[in-house]
Amino acid sequence: MVHAKISEKAVSPKAKIPVHVQLIVFFVLSFVIAWLAWLPAMLNPMAPQPLSILGLFAPAMSAVIVVWWAQGKAGVVALFKRYTIWRFSIGWYLLALLLMPTIYMIALVVTLLSTHGSFSNLFFANSPLFILVAYVYLMVINSGEEIGWRGFALPLLQSVLPGPVTAGLMLGLIWGLWHLPLYINPEVATMPYPLFLVLTVGLSLIYTHLFNRSTGSLWTVVMLHAATDVLPRILQLAQVGLQFWVVTTILVWLVALGLSFLLRNTTPVIGPYIERKGEPIGRIHTTTYEVQLFAGNDIKHRQVVVLGPNSPTS
């Protein structure tokens, strides 16, 4: 049996920034910073692009700016504390790590069988060590996106929209539009932009479910993002053709819809980071949750103490 003790105190709305204002400012900053950084690449794709990497960190920078403005230094610290959430089922780690490579391999086999293609010369002769280093590097680089998209924006969207699926779809559409400058030049794009947009929205649903099931951890989404982007380091994409990406998109959406059905009762992560403090008392374990709830313009803090034989880790 689990018992809960709840204490609540209201925070003056004048001391905080409304959620919708935070989201609007965050999205505007993310687009402006990234698109300005990518402008030289849009004008001359073949020239060196030292600023392009700055655009990849635009969501993280925008999140830090908005959180500092709305919540101060403590809010920024809480944002990065999502990296301290790691105690959840190993199955979600495995899904984040293996899902996209599995989808890519199935799509590749389907494409080659239907086109009577060959596996020869499709893969780069890179060592496992190179692929591992590339994966870790991509985790670092993609943190520039995930701190903003999932670490900041997704919990707030889930606090104001009806359900995680709606929030995931909306964030996926915005995420896809954010990449638009990278697809203006068809010669450097890996696939047609409309197809990329559909793929991104489907991926966003998967990211949303992983984020919620891992209790708001950034590790699963960063791992999934790196596993998605490591493909060009392994496979010569110029040789796989459009059909490969069509099959990949279909498979991503099948997984997204399946997860949406199977995890339809999962409680979404809303608001800022949930602080968990556990203290064992004999066989009883107490867990304190600091949560922030949104009701109109009122922001309320709640402290929930849960008593039970084990600390719930989902």
Side-chain angles (χ1 to χ4, degrees), residues 4 19 22 26 56-57 59-97 99 132 135-159 164 167-168 171 206-228 263 266-281 285-294 299 301-308 310-314:
V19 173
Q22 294 184 50
F26 164 75
L56 299 178
F57 283 87
M61 291 187 291
S62 302
V64 169
I65 292 170
V66 173
V67 171
W68 190 289
W69 171 49
Q71 303 173 29
K73 180 181 178 181
V76 176
V77 172
L79 176 65
F80 285 93
K81 274 191 174 182
R82 291 200 181 278
Y83 278 114
T84 67
I85 305 173
W86 60 273
R87 293 182 179 178
F88 45 86
S89 172
I90 192 173
W92 302 114
Y93 282 110
L94 293 176
L95 185 66
L97 180 64
L99 175 62
L132 176 61
Y135 181 81
V136 174
Y137 167 78
L138 288 169
M139 287 183 65
V140 175
I141 293 297
N142 290 331
S143 291
E145 289 191 49
E146 295 307 325
I147 290 171
W149 299 134
R150 257 58 67 168
F152 171 76
L154 181 58
L156 294 190
L157 285 171
Q158 292 188 140
S159 72
L171 185 56
I206 298 176
Y207 280 64
T208 298
H209 294 305
L210 272 179
F211 181 79
N212 286 331
R213 290 299 296 181
S214 61
T215 64
S217 173
L218 280 172
W219 285 112
T220 49
V221 292
V222 168
M223 289 174 63
L224 177 60
H225 204 149
T228 303
L263 305 178
T266 300
T267 302
V269 174
I270 63 172
Y273 167 74
I274 300 176
E275 183 73 24
R276 176 182 296 164
K277 300 176 183 178
E279 180 182 358
I281 306 175
H285 196 97
T286 67
T287 303
T288 301
Y289 296 89
E290 286 287 346
V291 302
Q292 200 174 68
L293 306 177
F294 303 89
I299 302 176
H301 289 286
R302 280 188 179 178
Q303 187 178 77
V304 182
V305 180
V306 179
L307 305 179
N310 296 291
S311 175
T313 56
S314 185

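Quick note: residue numbers are just sequence positions, from 1.
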Spatial distance of atom OG1 (Thr208) from atom CZ (Arg150) [nearest 0.5 Å]: 6.5 Å
Rounded to the nearest 0.5 angstrom, the CG-CG distance for Leu99 and Leu210 is 7.5 Å
Do Phe211 and Trp92 have ring centres separated by under 6.0 Å? no
Between Ile85 and Ser217, what is the shortest heavy-atom contact and its length? O-OG, 2.6 Å
Find out whether Pro155 and Arg82 are in side-chain contact, i.e. whether some heavy atom of one side chain is under 4.5 Å from a heavy atom of the other. yes
Mind checking the CZ-CG spacing from Arg213 to Leu95? Nearest 0.5 Å is all I need. 11.5 Å
Taking the six-membered ring for Trp, are Tyr207 and His225 parallel (under 30°), tilted (30 to 60°) or perpendicular (over 60°)? perpendicular
Interatomic distance, CG@Leu218 vs CH2@Trp149, rounded to 0.5 Å, equals 14.0 Å
Flag side-chain contact, heavy atom, 4.5 Å: Val269 against Leu154: no
Quick check: closest heavy atoms across Leu97 and Ala227, and the distance to 0.1 Å? O-CB, 3.7 Å
State the CZ-OG distance between Phe57 and Ser143, to the nearest 0.5 angstrom. 7.0 Å
Closest non-hydrogen atom pair, Ala153 against Leu171: CB-CD1, 4.3 Å
For the residue pair Gln158 and Pro164, what are the closest heavy atoms and their distance? OE1-CB, 3.2 Å
Quick one, Glu146 and Leu224 - any side-chain contact, counting heavy atoms below 4.5 Å? no
Return the OH to CH2 distance between Tyr93 and Trp86, rounded to the nearest 0.5 Å. 7.0 Å
For residues Tyr83 and Trp219, report the shortest heavy-atom separation together with the two atoms involved. O-NE1, 2.6 Å
Close side-chain approach of Val64 and Phe80, heavy atoms under 4.5 Å: yes
Looking at every heavy atom in both Thr220 and Ala96, which two are closest together, and how far apart are they? O-CB, 3.4 Å
